[in-house]
Asker: 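Just dropping this structure here.
All values below were derived from every heavy atom in this structure, side-chain atoms included, with hydrogens, water molecules and symmetry-related copies excluded. Predicted, not measured: the structure shown is a model, and the values here were computed from it. Below, chains carry the letters A, B, ... as their sequence lines are ordered, and counting in each starts from 1.
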Amino acid sequence: MSKAANQPQYWLLKSEPETYPIEQFKKDKKTLWTGVRNFQARGFMIGTPSTPPKKAPAYEPMRVGDYFLFYHSNAEPSACMGIGRIEKLNQVDPTQFDKKSDSFEPKATKEKPVWFCCECSFVEQFSTAVSLDMIRNEKSLSKMLLLARGSRLSIQPVRQDEFETIRKMGRQK
DNA sequence: GCCAACGTTGGC
DNA sequence: GCCAACGTTGGC
């Protein structure tokens, strides 16, 4: 609880390359991280802990200035592709109003949106994609949530040392 | 508030 | 495409 409020925290955000690849993120420079439909992940992006329907572990929400690993899931291979930065919290996710979107939410109204997201900016793309295998083979990363069995959360907190280790691996040629 | 049924995620 | 693990829903 003594953590300095201005010190960035670190995250891992999953995106499927078929839906939103890092190349697109690089082009866009900024994007809304839309389509997340999980209460714990929503809580992270709203920026204040919200109460999930079931008991969930205590967590620190995102803050502006936090950094994240951009992870390609369902990819060949699945891998950390680069880094982004959290720019805005608690943004209304527009895809919930789009009937044609997979993320459409019939219960949502403009007055009472259900889903929120964050705005992120592109920071860098790694010269080397840091694959799941590489992560598994690095002992100091063995505690990562990503490696926990059945870990499906699409937004996960990452320790600073884990973030820095993966960044170093990604910058290697 | 329990829990079975159902839907989704994501590695393989 | 399979399927284990997990999250959400809804009946009671």
Asker: What's the CZ-P distance between A:Arg149 and C:dC6, to the nearest Å?
Answerer: 6 Å
Asker: To the nearest Å, give me how far apart CH2 (A:Trp115) and P (C:dG7) are.
Answerer: 13 Å
Asker: With sequence neighbours left out, what residues match A:Phe104 under side chain to side chain contact (heavy atoms under 4.5 Å, CB included)?
Answerer: A:Lys99, A:Pro106
Asker: List for me each residue that meets salt bridge (charged side-chain N to carboxylate O under 4.0 Å, His left out) alongside A:Arg159, sequence neighbours excluded, and say none if there are none.
Answerer: A:Asp161, A:Glu162
Asker: Output the rounded distance in Å from CZ (A:Phe39) to P (C:dC6).
Answerer: 19 Å
Asker: Listed by chain and number, what are the salt bridge (charged side-chain N to carboxylate O under 4.0 Å, His left out) partners of A:Asp133, not counting sequence neighbours?
Answerer: A:Arg136
Asker: Please enumerate all residues that pass ring-ring contact (aromatic ring centres under 6.0 Å, His included) together with A:Tyr71, with sequence neighbours excluded.
Answerer: none
Asker: Please list, pair by pair, any protein nitrogen or oxygen found under 3.5 Å from a nitrogen or oxygen in nucleotides 9-12 of chain B.
Answerer:
{"from": "B:dG10", "atom 1": "OP1", "to": "A:Lys14", "atom 2": "NZ", "distance (Å)": "2.7"}
{"from": "B:dG10", "atom 1": "OP1", "to": "A:Arg152", "atom 2": "O", "distance (Å)": "2.9"}
{"from": "B:dG11", "atom 1": "OP1", "to": "A:Tyr71", "atom 2": "OH", "distance (Å)": "2.8"}
{"from": "B:dG11", "atom 1": "OP2", "to": "A:Asn74", "atom 2": "N", "distance (Å)": "3.1"}
{"from": "B:dG11", "atom 1": "OP2", "to": "A:Ser78", "atom 2": "OG", "distance (Å)": "2.7"}
{"from": "B:dG11", "atom 1": "N7", "to": "A:Asn74", "atom 2": "OD1", "distance (Å)": "3.4"}
{"from": "B:dC12", "atom 1": "OP1", "to": "A:Arg136", "atom 2": "NH1", "distance (Å)": "3.4"}
{"from": "B:dC12", "atom 1": "OP1", "to": "A:Arg136", "atom 2": "NH2", "distance (Å)": "2.8"}

Asker: Could you work out, with salt bridge (charged side-chain N to carboxylate O under 4.0 Å, His left out) as the rule, every residue matching A:Glu16, not counting sequence neighbours?
Answerer: none
